[in-house]
Number of protein chains: 4
Amino acid sequence: MSPRSDAARNRARVLDAAQQVFAADGLGASTEQIARRAGVGVGTVFRHFPTKEALLSAVLAARLETLADDAERLAEDPDPGAALFDFLARTVQASGLKIAYADALERAGIGTDEVVAPVRERVTKAVATLLDRAQRAGAVREDVAVGQVFVFIHGASRAVPTITDDALRAATLRMMFDGLRPR
Amino acid sequence: MSPRSDAARNRARVLDAAQQVFAADGLGASTEQIARRAGVGVGTVFRHFPTKEALLSAVLAARLETLADDAERLAEDPDPGAALFDFLARTVQASGLKIAYADALERAGIGTDEVVAPVRERVTKAVATLLDRAQRAGAVREDVAVGQVFVFIHGASRAVPTITDDALRAATLRMMFDGLRPR
Amino acid sequence: MSPRSDAARNRARVLDAAQQVFAADGLGASTEQIARRAGVGVGTVFRHFPTKEALLSAVLAARLETLADDAERLAEDPDPGAALFDFLARTVQASGLKIAYADALERAGIGTDEVVAPVRERVTKAVATLLDRAQRAGAVREDVAVGQVFVFIHGASRAVPTITDDALRAATLRMMFDGLRPR
Amino acid sequence: MSPRSDAARNRARVLDAAQQVFAADGLGASTEQIARRAGVGVGTVFRHFPTKEALLSAVLAARLETLADDAERLAEDPDPGAALFDFLARTVQASGLKIAYADALERAGIGTDEVVAPVRERVTKAVATLLDRAQRAGAVREDVAVGQVFVFIHGASRAVPTITDDALRAATLRMMFDGLRPR
DNA sequence: AATGAATGAGCCTTCATTCAT
DNA sequence: TATGAATGAAGGCTCATTCAT
């Protein structure tokens, strides 16, 4: 909290706070609120992220970074089918973001910017690999394109977390992604 | 025409305008804008819907009303499986609301109020019937509950309309709902 | 002050307040301050003048309107020389605006907009007439162009009002404008 | 080089930068911007000039210092009339400050402080000498006081530099100062 | 002495809501 | 009942100033 002591730490705290607040209150949450949650002044938020959009982009990028990590790690899983569906489940269930993530995914302009674009490409590539392997293993329909997988993620991220019962939520998630399997 | 009917007409115009504006610009659209679109003053909007939330509720209720109508009509369809999936596709593809609808569905507080609750119950009942018949006909998994159907609707409404290519959108929709079918 | 009672009156009050406040505290004065002076809420200021620039333009336009009126009235004066110098003195001495007026005159972008442009043209024309007549009467150098007259006005408006002694201020003003006379 | 001279060099750089930035962007320019231009951190700016006002004063003082130098040098010119008018023209045309200079001159509080006061007195004295000599030589009206000369400088500094055409600007300047000459 | 991150007051602007007409 | 002007709380953002390093 002391000035200068660690700018990077503050940046991270703001990012964290933003993640939580956006998740809890939607993208409309005020910068003030985020600053409070991060334990810093508004000015600090704006110093690190000059615009609300920039903050949003950063949150989204951080989120996608994690996704990419997950996907890349799973690309080496011996069971390609399980790997893909694991990835999907983990992604949707991931604590925290939820709404903000999905919201951001669909907001025009966000996700197109220079901060997010590279990460997005990385995730896309990783998921494409996951998908390809799953298809070769016969665990996923042949006619599924990566873009569709992201639509599934988007939809599931939005809707499924609204279920509070753990078992039911898991079941619904599985069911929705079952649409990707061969019949 | 009597003042009574004048008022009724205005109410309808506002509701219509709200539907369009929310669909086009999101729930953040200003009341002013809705009034302009409806060709009335802001005051009139507030006379009919004392709060933005009330307006939202009314829009949602109207939307659900249509859904219920659809569902009830389809309940008499000779092919129960087709009936359910027709209903789902129609619901998601329905022009207009889309995002606003889904947004509203998940906003806490909305959909729980006295305006929406009854309609919601009606839709639920109608969809339950549709679902039950489809299950009896073997077109849908036995272990699906109505609640889950709504989660599917919610997710699909959010994500699928972001696809601009008509054929791809339809295919994705079908694929997602395929998760409801028996394997 | 009551809503609706007289929107036009409120607009005028805001304009008046803006004039005074800008004159007293410079163009940087806050809208809040202007609202307070006008006895209205900030929202009202923005309803009438959607932007600070718009308010500035309006103030400037109002000011120029008065100038144009003055100039046009004086164009019929039997003594062309006196007419021009009267106009100049009156313009500079005019209570109120002072700083804001001159500031606005030089701010790029302001004075070029659609609100100010027409009035500006009107003043220019009127002053051109005044100048022309004064030159024909031999009261002003032949080689003076209207543009230069405005530069004189601008400079004098800025500097002369800083003199508090009435007689000295008048004398200085006369002296400065003497530069326009034939030698 | 000793820390002493380091500090001195920095002070000068800041002053220089401030001069340029104020001239280019007006007194509203941010301290950050000035620091950047000077190639130092904001902290350094504030170490040397604890307040924006202090910085402004310093800039003004530096400017007046130059003026005083000019005036004192010209006091020995064999042609007293030419000397005064040369001084006036040079002062107004002086690249750099222009607007900021004039702004500062009229802002209450600035120019009255302990930093500026002494220099101001020095300029005043020097200009008084210049004026006196010019009057004795019959190049300037008898009834002109030093204060009025400064008002002329102020007004001309504000208005004349807005003219972009070199010849026209010079002519206008001459014309305005002609007001000081005997008729 | 220099640095620049942190701070928070303050600015412009938007918008739901009220209420005189 | 309809209207739209008025209101003021909030929101995003800027900037002078402080202070740990």
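Keep in mind it's a predicted model, so treat the numbers as computed, not measured. Lettering follows sequence order; numbering is per chain, from 1.
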Nearest-Å distance for atom pair [atom1]/[atom2], residues [X] and [N]:
X	N	atom1	atom2	answer
A:Leu27	F:dG11	CG	C1'	15 Å
A:Arg47	F:dT18	CZ	C1'	13 Å
A:Leu55	F:dG11	CG	P	15 Å
C:Asn10	E:dA20	CG	P	15 Å
C:Arg9	F:dG4	CZ	P	21 Å
D:Arg13	E:dA1	CZ	C1'	14 Å
A:Arg11	E:dA6	CZ	C1'	16 Å
B:Gln33	E:dT14	CD	P	13 Å

Check your understanding: Near DNA chain F, which residues from residues 35-46 of chain B have a heavy atom under 4.0 Å away?
Key ->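 Residues of residues 35-46 of chain B under 4.0 Å from DNA chain F: B:Val40, B:Gly41, B:Val42, B:Gly43, B:Thr44.
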
**Study point:** Those residues that, when tested against A:Glu32, pass side-chain hydrogen bond (donor to acceptor under 3.5 Å, both in side chains) (two or more places apart)
**Key:** none

Revision key, fill the gap. Per atom distances to the C:Lys52 side chain, the nearest of E:dC12, F:dG11, E:dT17 is E:dC12

Review point. Using Watson-Crick and G-U wobble pairs whose two distances are both under 3.5 Å, how do you write the pairing of DNA chain F as dot-bracket, with | for links to another strand?
Key: .||||||||||||||||||||

Point to revise | Nearest-nucleotide comparison on DNA chain E, the residue closer to the 5′ end among C:Ala29 and D:His48 | key: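 Comparing both residues, the 5'-ward one is D:His48.
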
